[in-house]
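Report on one structure; see the data block that follows.
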Number of protein chains: 2
Amino acid sequence: MQPSGETITQDCFDCPIRHRAVCARCETEELNLLEEIKYYRSFEAGQTVVWSGDKMDFVGSLVSGVATLSQTMEDGRTQMVGLLLPSDFVGRPGRIGSPYDVIATTDIVMCCFRKKPFEAMMQTTPHVAQRLLEMTLDELDAAREWMLVLGRKTAREKIASLLCIIGRRDSALRMNARSRSLAFDLPLTREAMADYLGLTLETVSRQVSALKREGVIVLQGKRHILVPDLDRLMEEAGDDSDGGLLV
Amino acid sequence: MQPSGETITQDCFDCPIRHRAVCARCETEELNLLEEIKYYRSFEAGQTVVWSGDKMDFVGSLVSGVATLSQTMEDGRTQMVGLLLPSDFVGRPGRIGSPYDVIATTDIVMCCFRKKPFEAMMQTTPHVAQRLLEMTLDELDAAREWMLVLGRKTAREKIASLLCIIGRRDSALRMNARSRSLAFDLPLTREAMADYLGLTLETVSRQVSALKREGVIVLQGKRHILVPDLDRLMEEAGDDSDGGLLV
DNA sequence: CCGTCACATTGACACACATCAAATCGGAGC
DNA sequence: GCTCCGATTTGATGTGTGTCAATGTGACGG
């Protein structure tokens, strides 16, 4: 049976949280096929999931927690190139190694699929391949949006942009996306934020303090953040887009 | 007939130069199908191919010349997020609009496919979809490599990195990739280089002059560049990778 | 309760790059 | 040839962020 793929839904596989994965809600055999090659892995905060250059024999998606993709130069300068939040996909079908370090910044659970059989299934199941293309295009959009942040925004705007991204993803998960205020935990240290933003941790700290002083955000402890007015924060981020990916 | 797709070659379609496109060398019907929906478009230097936000009813690849993808903030700051060289793919199958301005920086020729039928074909022809995924992953890698450049490299390293990328792509095209020296034309103005690198045009100019003064590059006119020692340039770029995408 | 340790904040100062301004170059048109 | 005009170079100065260093904070274990 050839699934038509017209209704792509988000919650297909039975991971602990029913997260967005690679295929449509459908009752066809590839679901079972995927179930056969599926397994879960857990990592503790700080653990490296894959080292840059290493072979990576699985693809998968993040079920819970936060992980990062980063590149490091010989002299130690590092740049984060991706932030993995729950439901995000990791892996490069058709490629062997990983060009990035994948590091868990909190305890995480990943839902993995063995790569070889996964790739085989892609070849025979068009709409899985298409879902993957879909997700890769999303990642590409995110990467390019981040290029604008890195290349043209000020430190303050960078911080605001990061808070927007994390806050919105977090609240979308908790289904109160309509609200014009936010509350969430920062899953990153100041250093990790700096690596994502192309700044130093001191600059990050200073700008977070400044945003706090001016009431754009409220800090409860070092990591819990309240955003009383999301529009204000987005303005600080210099964001024209509502964050809605235009299709 | 289901093509196996085992030998993916680069030069499938009969564009003026036989450039890398979206499918394998294969004798199956989708080639003819593609031929039917294929057409060419030319643009002059400076012309805008697609405006950000506009509908884009085709996908395609660049046959000759150079084009850029860029994003602009309300206040006019712009960041180039992609550089399109001959054989590069443009378009977002499954999406309607373009989130970027696509601008020709030299006269260009594009090989286009009408989007609707192209997408229809993707659904029925697995290995075309896979080739597309392949290319999108390449773009993603390029975008992420550029994030490192934007976030962590100095102005001098940025310039060197850009020269490496353009020079290598150019020489790869002319099949003398083995050579440790390069000669090529810069297809970008100083301003366009600045927009790519997250710098101002003055800084670009100063750093180019510095590299010239120190013999890393030789300028013939404003745009023609000689690189006597590619290794030296790559060292200046702070590049650990040999530019070979690790697979 | 107190030391320890990682994480974060704050301050003083330096420097790379931006900004503003002027001069020079080089090709197109006449 | 000459003029014009955008592209580029070069100079003087300002500023945002990096660097180095000291201090503060909170969680954890003895």
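The shown structure was predicted, so the numbers you read here are calculated from the model rather than taken from an experiment. What's counted below: heavy atoms across the whole structure, side chains too, no hydrogens, waters or symmetry copies. Every chain is numbered from 1, with letters handed out A, B, ... down the list of sequences.
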TODO: Decide, yes or no, whether a salt bridge links Arg206(B) with Glu202(B) under the criterion of side-chain N to carboxylate O below 4.0 Å.
DONE: no

- [ ] Spell out protein contact along nucleotides 7-22 of chain C as letters: B when the base is contacted, S when just the sugar-phosphate is, - when no protein heavy atom is under 4.0 Å; keep the 5' to 3' order.
- [x] -SBBBB----SSBB--

Task: Side-chain donor or acceptor of Lys115(B) paired with backbone N/O of Met56(B) under 3.5 Å - done: yes

- [ ] For Arg77(B), enumerate each residue passing the salt bridge (charged side-chain N to carboxylate O under 4.0 Å, His left out) test, keeping only those at least two apart in sequence or located in another chain.
- [x] Glu157(A), Asp75(B)

TODO: Check side-chain contact (heavy atoms from CB on, under 4.5 Å) between Glu235(B) and all other residues, then give those that pass, not counting sequence neighbours.
DONE: none

TODO: Take the C1' atoms of the five end pairs on each side of the helix from dC1(C)-dG30(D) to dC30(C)-dG1(D), derive the two axes, and give their angle rounded to 10 degrees.
DONE: 30°

Open item on the list: Less than 4.0 angstrom from a charged side-chain N to a carboxylate O is my criterion; do Arg144(A) and Glu139(A) meet it?
Closed with: no

Counting only pairs under 3.5 Å, give me each side-chain donor-acceptor contact of residues 182-201 of chain A, with atom names and distances, residues two or more places apart or in other chains.
unit_1, atom_1, unit_2, atom_2, d
Asp185(A), OD1, His224(A), ND1, 2.8
Thr189(A), OG1, Glu191(A), N, 3.3
Thr189(A), OG1, Ala192(A), N, 3.0
Arg190(A), NH2, Lys222(A), O, 3.2
Asp195(A), OD1, Arg152(B), NH2, 3.1
Asp195(A), OD2, Thr78(A), OG1, 3.2
Thr200(A), OG1, Thr203(A), N, 3.4
Thr200(A), OG1, Thr203(A), OG1, 3.1

TODO: State whether the side chain of Asp101(B) and the backbone N or O of Ser52(B) hold a donor-acceptor pair below 3.5 Å, judged by distance alone.
DONE: yes

Open item on the list: Salt bridge or not between Lys153(A) and Glu236(A)? Use side-chain N to carboxylate O under 4.0 Å.
Closed with: no

TODO: Answer yes or no: is there an ion pair linking Arg95(B) with Asp138(A), defined by an N-O contact shorter than 4.0 Å?
DONE: yes

TODO: Return the minimal non-hydrogen interatomic distance between Val109(B) and Ser42(B), and the atom names on each side.
DONE: CG2-OG, 3.9 Å

TODO: Heavy atoms of chain B, cut-off under 4.0 Å: which first and last nucleotide of DNA chain D, 5' to 3', fall inside that, if you could look?
DONE: dT8(D) to dA12(D)

